[in-house]
Amino acid sequence: MDKYTPKDIEAKWQRAWEKEQAFDVPNPADPAAADRSRKSYVLEMLPYPSGTLHMGHVKNYTMGDVIARFRIRNGFTVFHPMGYDAFGLPAENAAIKTGLPPAELTKRNTENIEKQLRTLGVSIDWTRELATCDPEYYKWTQYFFLKFFERGLAYRQEAAVNWCPSCQTVLANEQVVQGACERCDSEVETRNLAQWFFRITEYAERLLEDFKLLEQWPERVITMQRNWIGRSEGTEVIFRVDELDLEIPVFTTRPDTLFGATFFLLAPEHELVDKLVDGTEREAAVREYVAKTRAKSAVDRAVTDREKTGEFTGRYATNPVNGEKIPIYASDYVLMGYGTGAIMAVPAHDQRDFEFARRFGIEVRVVVSGKREDGTTVGPEDGRTMETAFEADGTMVNSGRFDGQDNREGGRAITAWLQSEGKGRQAVSYRLRDWLVSRQRYWGAPIPMIHCDRCGTVPVPVRDLPVLLPDVDDYAPRGQSPLATNPEFVHTSCPACGGPARRETDTMDTFVDSSWYFLRYTDPHNDEEPFDSAVANYWMPVDQYIGGVEHAILHLMYARFFTKVLFDLEMVDFQEPFTNLFTQGMIHYKGAKMSKSKGNVVNPDEHMNRYGADTLRLYILFIGPPELDVEWQDQGIEGAFRFLGRVWRLVNEVVEKVEPRRYADYANEYDEAKRLVRKTNRTIAKVSADISERFRFNTAISAVMELVNDAYLAKDGLYRSEEGQGVLRFMAETVVKLLDPFTPHICSELWQRLDHERLWQEPWPEADERYLEEETYELVVQVNGKLRDRVQVPSKAGSEELLEAARTSAKVARHTEGKEIVKEIVVPGKLVNFVVR
RNA sequence: GCCGAAGUGGCGGAACUGGCAGACGCGCCGGACUCAAAAUCCGGUGGGGCUCACCCCCCGUGUGGGUUCGAUUCCCACCUUCGGCACCA
């Protein structure tokens, strides 16, 4: 018998798959009429080509490959494409360091990644490969930008935005983590800049609503998105500044406390702040406060336990419900980005307002009385003495004609009254903000807009797309896009009036690129349009999407948003891009997540060289449940390799000792043989269920290991009879068939040696019902819930029979002797329990 | 602070609807093969106790309670770890 040499075997079968175009799936001739019931779109999140694959990628693509191969063999037409999220900062930063153009560097990296993916043996339709940095691709990204612009969904506005001083670019809210840049961890600053936004807030309600279409999404991903969108219901109340004849709306979730508003706050950035203090004696102090706030970093400002600060504007707002005039302050605990940037402050019933009021000596007026959690009560006169705000529900007091009402009901009544008076209305507020998509960096898709002094901001006509990314000499970020340094790029003529004009020099956030790539796969070479709708409607939505949970909000929410816009544009006929989502856990090493900075990275290439792709694939799935974080163990992979060696020797021995195509009729087998037939069938059932139902690859693999272990123990006896040999051949073929999705190379090789061909097309085995049931089983016998004995009983035995069998056990008798049996519990198929006293 | 997930041998992890805790793998121990080693094959391996040949008993799934004939599984409280959000009015 020859040795198991993964290198040769893997190269051999990778060549075979390529030559046979085993995984290429053409589009149907008439996609609109084609039957969609047997198609399956299996997709893993596309990699960012950062040089080499890491273990997370290996896990991701192996999992996708198992699903894809399993579905192919279950008769599905599996659509399984691959591409590269090739724009982005790292390539640009590397370019700055090495001087190599990002395009060149990226090309080199994508080629390397492709090679690695092929070495890993994933079943990809390579004819559909794409890179988001190719002009043939980003032409259409720009096209969508124009479509969004047409619909008013893309707009440019000056706003306080997140600025990363190290990346020298603005960032979307989603890319700021705890006040720091998601990429480089630098503290993010706030700057007022004119930037491009996508109006994702307009889709907030639909993004929430359509969670109901996503039954197979992990609950936590949905929860994270739901929290991010942050819908809250409340009331908009209009306060007036009579002196200046101004109206300032505020949003509140507690209209019931309106009578308790004793002051009014504006975010320091609020545009009205200027107006309120202009030319007054408070002007200097307020302006200084505003300036101080602006200088504060996002991190500092987010600290919640620092003392409340603010500055009186000298103006008063009129409370619509009682005509009371309350002082207006500017304070930095009011955020410009949420609600209206202004709030009514009710210190008695909001802890933050309470702290502010105590500090500034403002009246605290209780308008809801009730019981605190600690049992003490808060009454109408307690405003002066209370030490914390009372935020719970109760009865309304100090609230004029609403006194005595339950506060929730009273809140509704107040809202209704405001509405009838034209002084307020029911309102919904979202935490979600519009998606900031412009970046002051080089390596991205140029935003296809032109600034003309006469016509304003004008879109580039579709026929002029793509707006090609020009060459520049210097990629270094200097606070404006490097594209601005290329005069030939910047200077152009206005598409509207023909006069001289300047191109927009910002590029798009790379999350725009990855918000529609799954659609381009369906029609990747179309140069007339981004994709043919009928073709996209045929393959989409993605039946199974697999990726890291780190994209729970960013990519997954943006892609959902994009799909909904495309639905509204009537380019697709579905509202959600990914029907099922599986989020994989991370691989830890030495107690921490693998990262270059920690120096605990395990390089997949090394292991592929040493043990082969099959071993790596097998181990990475065997290591633990795919959705959880797991710990990489260096010696563990050795075990996976040993197991494949065991399979190799077992199957080859069967090939040598058993004539081809010898199968026995197992119906009348002797015990030894029958046992292995049963085990084989049970393994088929277990592996099939584990793969299809819960992605439990680890237990599927261990089931095959058990079968192989049993086979080793039984084989020497079985070789001696023809029937036994038939059973062994059946076992060997089954092992190869079941293992194929995990370790396709060695399985294809063994399948060939078993005198068959094209395992990847072989129908998935089905368990024979007749062999799933045993004739007898081990009945557990307990006394008072404690295990005392096990007895063999016939499978068909009834309760009486089981009790009888249990009673005859000597071990049981020892524990029941001299005691009274008060109860007998019989669970057929499982156990008998005697309760004694 | 709020929301969510998870705590099981020396380690990674099993246990489907409440019914044999520790499957499978790693590591370790022992045996076979060998001049020897590696590889391979076979066996053992949660802790403690005992009048310890594998007979038997007790304890044991983060902690403390509860429901139940019976709880890793359900309920309550708490502790720890990880992830998300965090002055959102």
Side-chain angles (χ1 to χ4, degrees), chain A residues 3 177-179 218-221 223-228 230-232 234 250-254 257 265 301-306 308 331-335 337-346 349-353 355-356 429-433 549-550 552-553 585-586 588 593 618-619 622-625 627-640 642-643 645-646 649 686 689-690 693-694 696 698-706 708-709 712-713 716 778-790 811 814 822-825 827 829-836:
Chain A
K3 263 185 71 181
V177 180
Q178 315 240 304
E219 198 48 50
R220 66 171 165 157
V221 172
T223 305
M224 280 164 73
Q225 288 201 9
R226 186 169 276 134
N227 291 343
W228 188 263
R231 181 184 201 274
S232 60
V250 303
F251 175 78
T252 180
T253 53
R254 295 291 303 274
T257 64
L265 295 173
R301 197 168 162 184
V303 174
T304 54
D305 53 4
R306 70 194 161 88
K308 296 281 180 285
S331 175
D332 67 0
Y333 80 89
V334 179
L335 308 174
Y338 185 74
T340 62
I343 65 166
M344 62 172 206
V346 185
H349 305 288
D350 181 290
Q351 185 57 26
R352 298 158 298 179
D353 299 346
E355 286 163 23
F356 189 95
S429 193
Y430 300 93
R431 209 189 76 103
L432 181 71
R433 314 221 209 135
V549 74
E550 66 272 18
I553 297 172
M586 275 180 302
H588 288 203
K593 66 171 105 166
L618 186 74
Y619 178 59
F622 179 67
I623 194 168
E627 72 279 12
L628 297 183
D629 292 352
V630 291
E631 176 79 17
W632 175 276
Q633 296 190 308
D634 287 318
Q635 280 153 330
I637 192 165
E638 193 85 37
R642 271 204 295 258
F643 170 68
R646 247 165 107 75
R649 289 185 296 275
K686 167 104 175 121
D690 279 354
E693 282 163 26
R694 280 206 288 164
R696 289 158 17 135
N698 53 332
T699 51
I701 293 165
S702 70
V704 181
M705 287 175 169
E706 282 185 50
V708 169
N709 288 347
Y712 262 84
L713 295 180
D716 290 342
E778 212 170 54
L779 180 78
V780 168
V781 187
Q782 301 179 329
V783 178
N784 283 348
K786 281 190 179 159
L787 173 74
R788 293 304 175 190
D789 199 8
R790 305 164 227 250
K811 288 178 185 172
R814 205 176 328 164
V822 284
K823 204 167 176 185
E824 292 166 337
I825 289 141
V827 185
K830 292 251 157 56
L831 55 68
V832 168
N833 186 14
F834 296 112
V835 184
V836 300

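Among A/I825, A/V780, A/V827, the single residue meeting the side-chain contact (heavy atoms from CB on, under 4.5 Å) criterion with A/N833 is A/I825.
Side-chain atoms of A/L713 lie closest to B/C42 of the nucleotides B/C42, B/A89, B/C59.
For the OP1/OP2 pair of B/A89 and a distance below 4.0 Å, the side-chain nitrogens and oxygens of A/S232 include at least one atom meeting the criterion. Close to B/C41, at under 4.0 Å from its OP1 or OP2, lies a side-chain N or O of A/R646. The side chain of A/R226 places no N or O atom within less than 4.0 Å of a non-bridging phosphate oxygen (OP1 or OP2) of B/C3. Within the structure, a side-chain polar atom (N or O) of A/Y712 is placed less than 4.0 Å from OP1 or OP2 of B/C41. Contact check, A/N709 against B/G25: a side-chain N or O comes under 4.0 Å of OP1 or OP2. The phosphate of B/C56 (OP1 or OP2) has no side-chain N or O of A/R788 nearer than 4.0 angstrom. Phosphate proximity of B/A38 to A/R642: absent, as no side-chain N or O sits under 4.0 Å from OP1 or OP2.
Nearer the 5' end of RNA chain B, as judged by each residue's closest nucleotide, is the contact made by A/I553, out of A/R433 and A/I553. Along RNA chain B, the nucleotide closest to A/K823 and the one closest to A/G230 are compared, and the more 5′ of them pairs with A/K823.
When the P atom is compared between B/G10 and B/A23, the two are found 14 Å apart, to the nearest whole Å.
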Given protein heavy atoms under 4.0 Å, the one-letter contact record of nucleotides 12-19 of chain B, with B base, S sugar-phosphate only and - none, is simply BSSS---B

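To the nearest angstrom, P of B/U72 lies 14 Å from CG of A/L787.
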